[in-house]
Structures are given as structure tokens and as C-alpha cells.
J.: 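Dumping the structure here so I can ask a few things about it.
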Amino acid sequence: MSDVTNEKITALQGIILDHANSQRTSIVDEARREAEEWLRKEMSKLDRETSSVLADAKQRSEEIYRRQLLTAEREKSTEALRQQNRFLNEALKRFQDGLVRLRERKDYADILTALAIDAARGMRDSSPIKLRLSSVDSNLGNKVAAAVNSKLPEAGMAFDPEPAMILGGCVVESANGRRQINSDWQSRTQEVSDTLADRLLALL
């Protein structure tokens, strides 16, 4: 080949290389822009997903906390009621035990007489009436009935030896059995239960 031809070839190669370099730079720039755009979009999407996950986690956490709080409040309320009921039962038992121990007193017959008189006054229109005691107190029955009649002759009280199913105190009935007044320890304990419950509620 002649020198002229070689120069032309070399010049052409230079032109081709320059064009290739220019194209390569343009392609690289375009690829970089596309990559940056893709990365920007992906990061934006990731941010949105992260925010959504965090918001959902926060909502779930708050819901769990609310449920735990409600459960704790219910358990606290239930425990308070349980304690109140336990204390009330214990207080009522002590009160009733104290009444039963009245039997140990020398004036127990007078206590029974006072109870029977109070009941007899509530049954003025039902005379004659009957007095019933627990089996343990049956030996005092005639004495108590006589004491009542000496105070309230119109009562016409008679002692019924059939034992009443009570811990102590007395039961007064009309002769026909249609009316009855319970002045026994179980009834008296029940009468004070509401008062004790109110007092315990104020203390808890």
C-alpha cells in the first residue's frame, strides 16, 4: 500500500474510534441516568413500604397495649371483687361465731328471752305462738317461754320441743305454722351482710 492509503486508513480508524468513544460516553451517561432514576424510584418505594410497615407495627402495638390494659383492668377489678367477697365471708363468719359463743354466757337464757319477746311483739295478731330453739338450747325452752309470757301474757307462747335447724337464737311461729319470725344467728348475720359489704367496699 502507498503511504497515502495508509494515512487514509489511519485517519478513518481515528474517526471511528472517536465516534465509538463518543457513543460509549453517551451510552454510559444514559445508563448512569437510568440507574440513578431506577435507584431513586426504588428508594422512594422502599421508603413508602417502610413507612407502611412502621405504621402497621405501631397500630398493632397500640392495639396489643390496649388489650393488655383492658385485661389488666378486668383482672384488677375481678381480684378486688374476689378480695372483697373473701373479706366479707370472713367477717360474716367471725360475726356469726361471736353470736354462737353467746351460749357461753351466764345470761344466755335472758338473751334468748329478749329475742323471743321481740319476735312475739311482731306476731301480736297470731297468738298463741310457738317457740323453737336449736337442739343444744332445748333445755332452756320452757324457761324462755315462761319468761316471755310473764312479760307478754297475751302472747300465749308455748315451747315446741322439735329442734329448729339453727346455730342459736330462736324461731317463733304461729300455732298454725303460717307465720314465722326468725331471730336466729344465721338470720341476724344475713341482716348485717349488706352493711359489712358497704364498709368493706369503702376500705378496698
J.: What is the distance from atom CD of Q180 to atom OG of S126, rounded to the nearest 0.5 Å?
T.: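 Here the rounded value is 12.0 Å.
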J.: So do the side chains of L115 and V172 get within less than 4.5 Å of each other, counting heavy atoms only?
T.: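 Sidechains of V172 and L115: no contact.
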J.: Going by an N to O cut-off under 4.0 Å, is there a salt bridge joining K93 and D97?
T.: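 Salt bridge present between K93 and D97.
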J.: Evaluate the criterion side-chain contact (heavy atoms from CB on, under 4.5 Å) for residue pair F159 and V144; output intermediate values, then yes/no.
T.: CA-CA 8 Å; F159 173 59; V144 172; over 6 Å; no
J.: Over all heavy atoms of both residues, which pair between W185 and Q96 is shortest? Give the atoms and the distance, please.
T.: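 Answer, listing the atom of W185 first, then Q96: O-OE1, 4.1 Å.
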J.: Within this structure, what is the CD1-CG distance for the pair I129 and N176, rounded to the nearest 0.5 Å?
T.: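 Interatomic distance, I129 CD1 to N176 CG, rounded to 0.5 Å: 12.0 Å.
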J.: For R86, which residues count as a salt bridge (Lys or Arg N to Asp or Glu O under 4.0 Å) partner, sequence neighbours excluded?
T.: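 R86: no salt bridge (Lys or Arg N to Asp or Glu O under 4.0 Å) contacts found.
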J.: How close do M157 and A120 get, counting heavy atoms only, and between which atoms?
T.: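 Shortest heavy-atom contact: CE-CB, 4.2 Å.
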J.: If you round to the nearest 0.5 Å, how far is CD1 of I111 from OG of S183?
T.: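 Result: 13.0 Å between the selected atoms.
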J.: Listed by chain and number, what are the side-chain hydrogen bond (donor to acceptor under 3.5 Å, both in side chains) partners of D184, not counting sequence neighbours?
T.: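 In terms of side-chain hydrogen bond (donor to acceptor under 3.5 Å, both in side chains), with neighbours along the sequence ignored, D184 is linked to S187.
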J.: Show the numbers, then the answer: is there a side-chain contact (heavy atoms from CB on, under 4.5 Å) between T113 and K151?
T.: CA-CA 10 Å; T113 299; K151 296 284 186 181; 5.6 Å; no
J.: Can you name the closest pair of heavy atoms from L131 and G141 and give their distance?
T.: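 Answer, listing the atom of L131 first, then G141: CD2-O, 3.7 Å.
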J.: Return the minimal non-hydrogen interatomic distance between G122 and R179, and the atom names on each side.
T.: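 What the structure gives for the nearest pair is O-NH2, 3.1 Å.
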J.: In the hydrophobic cluster built from side-chain contacts under 4.5 Å, what are the other members alongside I166?
T.: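 V171, listed by chain and number.
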J.: So, taking the atom named CD in E173 and the one named CD in E162, what distance separates them when rounded to the nearest 0.5 Å?
T.: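 E173 CD to E162 CD: 8.0 Å, rounded to 0.5 Å.
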J.: Taking only residues two or more places apart in sequence or in another chain, which ones pass side-chain hydrogen bond (donor to acceptor under 3.5 Å, both in side chains) with D194?
T.: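 Residues passing side-chain hydrogen bond (donor to acceptor under 3.5 Å, both in side chains) with D194: none at all.
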J.: Starting at CG of D110, measure out to CG of L102 and round the result to the nearest 0.5 Å.
T.: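 Reported value, rounded in 0.5 Å steps: 12.0 Å.
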J.: Please find the pair of heavy atoms, one from A155 and one from S127, that lie closest to each other, and give the distance.
T.: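 So the two residues come closest at O-CB, 3.3 Å.
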J.: Counting only N and O atoms by type, is there a donor-acceptor contact under 3.5 Å from the side chain of D118 to the main-chain atoms of A114?
T.: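 No, the answer is negative, given that no donor and acceptor are paired below the 3.5 Å cut-off.
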J.: I would like to know whether L167 and V136 meet side-chain contact (heavy atoms from CB on, under 4.5 Å); could you show each step before the answer?
T.: CA-CA 9 Å; L167 296 174; V136 180; over 6 Å; no
J.: Name all residues meeting the salt bridge (Lys or Arg N to Asp or Glu O under 4.0 Å) criterion together with R124; count only those two or more places apart in sequence or in a different chain, and write none if there are none.
T.: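 Once residues adjacent in sequence are excluded, the partners of R124 under the salt bridge (Lys or Arg N to Asp or Glu O under 4.0 Å) criterion are E154.
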J.: I need the C170 SG to L140 CG distance, nearest 0.5 Å.
T.: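 The SG atom of C170 sits 11.5 Å away from the CG atom of L140.
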J.: Tell me, please, which residues at least two apart from R103 pass side-chain hydrogen bond (donor to acceptor under 3.5 Å, both in side chains).
T.: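 Residues passing side-chain hydrogen bond (donor to acceptor under 3.5 Å, both in side chains) with R103: D137.
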J.: Evaluate side-chain contact (heavy atoms from CB on, under 4.5 Å) for R94 paired with E90, printing each intermediate quantity in order.
T.: CA-CA 6 Å; R94 289 185 180 184; E90 184 177 341; 2.8 Å; yes
